[in-house]
Amino acid sequence: MNNIQVDIRLRPIRFGFMVRPDDAENILEIFRVNTCLWGGMFNPIIPFFESVPTWWERGDYSFEDEKQIINGYLDFFEPDFLVEAEEGISNGFGYDPKRILQLTDVLPQPHETGLDKYGLSAHELYMELYKKEFRFELRHKYNFIDVEAADPIFQNFVAANFGSFPIQEQFRYFERNYKNVFNSERIILDANKLLELYSSGYAFALGIGNEKLRIDYHSRRDSMLFILDVEQSKDLVDFWNLRCFSKNVVAIPVQWIQELFPFCREFILNNYRSMNRSLSEHVKHPILFFSRSIAENDIQEIEHNYFTAAVKQVSSFQTSFPPIWQKPSEKVISPRRPTLNADSKKIEIQVNEDNPQIQFEPIFPDFISECCIAYKGIIELLNKMANRPLTKTCRFEKFKEKIDCAIDNQMWAKRTFETLVERKAAELGLEIKCSKCGSRSWYSMTQLDYSLICNLCLKQFNFPVTNPEDNRQSRWAYRVIGPFALPDYARGGYAAALAIRFFADILGEPGRSVITWSAGQELELPSGKKVEADLLIWYQRTQMFGQDHPTDMIFGEAKSFAKSAFKKDDVDKMKLLVETFPGSILVFATMREAKDITQGEINRIKELAEWGREYDKERQQTRAPVIVLTETELFSDYSLRASWKEKGGRHKMLIEQEWARTDNLRVLADLTQQLYLGMPSYSSFLNQQHAQQKQLVKTTSTHTES
């Protein structure tokens, strides 16, 4: 046995956005997307062009061609995923196709929480900051701003400098929640307002995405004033990228140089630092950096008109962008990317030489949401409330009591209760008895008033102000709201959510699989038929060493507790999907116990599974693996392997076999078909087929001899 030390660091996913430098519309969209991402300010922009533009180097010379420059950007920033502003522009650069996304792939829809798509959005960060800090009266007041350009030509500058939110309706929730949580002040930006902001402290939407991060810049690069033309998209791209690896970069629009010069002069003088041997300090010369779009004669005029000899003496002038696309030189100190760190830990792991594999728990951000519905008792409670015709409520004490009963661990029970309330599954209000008809109606905190309208008889009655503590008149109660208020187990939504959770968190070893998912999608097939899938999942097994496995596409049909729920139409629909998308995985998920699945359902699914076991010579794999998930799998605490071992019997026997790698979906299909459909193992099926073929050959040979 040998010990190895593993250093684990948590950071945001780093996206690189590839776009043409003159594509102002998509560059604006990139700024908006990054405003909504955790660590979005540090996601670089990779300029794309077919030939090196004349403005790339002053003097109209360049030692690299366009491909060398673009690859140099990719090497310097090393993005985890490359996001194309135009589909296909990254072709030919050798980037892993499985890590190439489109702009529309990045941001989560409103119903998506936790590990949103490929990264983490700022939405849950807002909620965490509100919960921990901003819902209380703060001693130190933050100056949160929401900036809008007075002149449309400054729109992209505002987005690059302060952040801007997407304008698509499905993403409006980012802006709404930012304004609600931080009570931001709306700023209409002109030159005087920018001078005012730069001269005072403020917090802005783009900067909030850096919360929970420690940023190490690895260098003592001098502070920088970057003078740019706001109408030139390439200048905004350069500013964005400079800020990705330089600590203190302030953008100065050349259009407002006259109004902002007092700030520029003060900035240079304040950031200049002379030699002080006793403090081991180095000389600091703030950099006055002119963007590539500003002509030489304009630079000379600005210097002459605004920067005196005294200012020039304590600052340095720069007109060329740092060549980050070139290989580092031993003679020159090259820029480095900063290190972003949200959390880290060191662990020692024993490695068995006979089985040299290591396993460890990854680190997760403390602001991602918990799955609070992964308990049968919780779902039954929420569904019971949702099925009540009028109030859809549960008394305060009963609500907490039922959660405690559903979850053995009191710490998790408390956390689940808080999560249900904080995530707006249940909302606190008052049940008040109508003095006219005697029925009870529920009122949210914002609806309470001295005079109320009864929800049943629609008559007006007075709040019981003389005896509000009398439970016969009024009592605190929680009410399910939003999708949780839908009856019949949220119309199957719970089962679909649990199935997605199963593939994301329960199935394999932590960190060994990557999924992207979508729920409740209606697909229009090439034949023109429309087919609804309860869940779609793109699932990929990753490997620590070597190439990752191909991505599997999963189509799922999810049912709650209804008896005989999987009908012939459901099975036919799944077969049609796999015929349209050959090689897909089919999942039938139910929250029922295995014993409650009817024989009719088993027969229908089994027939499809037998068809799916046939070998597809063209694809060199089985036609369509069928997976069956039951209560045991959907309500697993944290690990399928642990749940099956705990269940014992055949579950335990199957999972303890050495080859039972359930993160391989074809293996999982084989195991669940044995458990829930009464089918022989896949190896037995192959042996039987082989025996039948041998018998057929033997019989044919006998007939031929006769």
Side-chain angles (χ1 to χ4, degrees), residues 21-22 24 27 45 47 53-62 147 149-162 189-200 221-274 283-324 335:
D22 59 352
I27 288 172
I45 297 176
T54 55
W55 51 262
W56 188 256
E57 294 280 6
R58 291 189 184 274
D60 195 22
Y61 68 90
S62 177
V147 184
D151 187 331
I153 70 168
F154 283 84
Q155 181 184 29
N156 286 29
F157 169 75
V158 165
N161 205 16
F162 303 103
L189 194 72
D190 56 17
N192 292 328
K193 272 295 181 183
L194 186 59
L195 176 62
E196 183 182 324
L197 290 175
Y198 279 175
S199 302
S200 60
R221 287 181 62 84
D222 297 329
S223 301
M224 184 185 301
L225 291 174
F226 185 61
I227 300 177
L228 54 81
D229 185 342
V230 299
E231 295 188 81
Q232 297 295 323
S233 298
K234 58 180 176 287
D235 283 9
L236 297 175
V237 169
D238 280 349
F239 165 62
W240 183 276
N241 285 334
L242 274 172
R243 195 174 50 191
C244 283
F245 60 86
S246 300
K247 185 175 183 179
N248 191 11
V249 184
V250 180
I252 304 295
V254 70
Q255 289 86 347
W256 292 342
I257 187 68
Q258 181 174 353
E259 293 89 342
L260 291 174
F261 172 69
F263 166 78
C264 295
R265 182 179 184 280
E266 200 68 22
F267 179 91
I268 291 171
L269 296 176
N270 288 341
N271 283 279
Y272 172 74
R273 185 180 296 162
S274 61
V283 177
K284 289 285 187 181
H285 287 294
I287 300 171
L288 189 60
F289 189 170
F290 291 89
S291 71
R292 290 187 261 201
S293 70
I294 300 178
E296 295 283 357
N297 57 337
D298 292 332
I299 293 175
Q300 293 173 6
E301 183 179 347
I302 291 171
E303 288 182 7
H304 178 268
N305 291 341
Y306 298 106
F307 294 97
T308 63
V311 174
K312 290 182 181 180
Q313 186 177 0
V314 298
S315 63
S316 60
F317 283 67
Q318 183 171 333
T319 59
S320 297
F321 195 85
I324 58 176

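Looking at residues two or more places apart in sequence or on another chain, you find a side-chain contact (heavy atoms from CB on, under 4.5 Å) between Val237 and Ile27, Ile45, Asn241. Considering only residues two or more places apart in sequence or on other chains, Ser291 meets the side chain to side chain donor-acceptor pair (under 3.5 Å) condition with Asp235, Ser293. Here Glu196 pairs with Lys193 under the salt bridge (charged side-chain N to carboxylate O under 4.0 Å, His left out) rule; sequence neighbours left out. In terms of the ring-ring contact (aromatic ring centres under 6.0 Å, His included) criterion, residue partners of Phe261 (sequence neighbours excluded) are, by chain and number, Tyr306, Phe307. Judged as a side chain to side chain donor-acceptor pair (under 3.5 Å), and not counting sequence neighbours, Ser199 has no contacts. Residues meeting the side chain to side chain donor-acceptor pair (under 3.5 Å) test with Tyr198, sequence neighbours left out: Asn161. Every residue meeting the side chain to side chain donor-acceptor pair (under 3.5 Å) condition with Asn248, not counting sequence neighbours, appears here in chain and number order: Ser223. Partners of Arg243 under the salt bridge (charged side-chain N to carboxylate O under 4.0 Å, His left out) rule, at least two apart in sequence or in another chain, do not exist in this structure. In terms of the ring-ring contact (aromatic ring centres under 6.0 Å, His included) criterion, residue partners of Phe289 (sequence neighbours excluded) are, by chain and number, Phe226.
In this structure, Phe267 and Phe263 have tilted ring planes: the angle between them lies in the 30° to 60° band.
In this structure, Asn270 contributes its side chain and Glu266 its backbone to a donor-acceptor pair below 3.5 Å.
The salt bridge (charged side-chain N to carboxylate O under 4.0 Å, His left out) contacts involving residues 225-234 comprise nothing, where partners must be two or more places apart or lie in separate chains.
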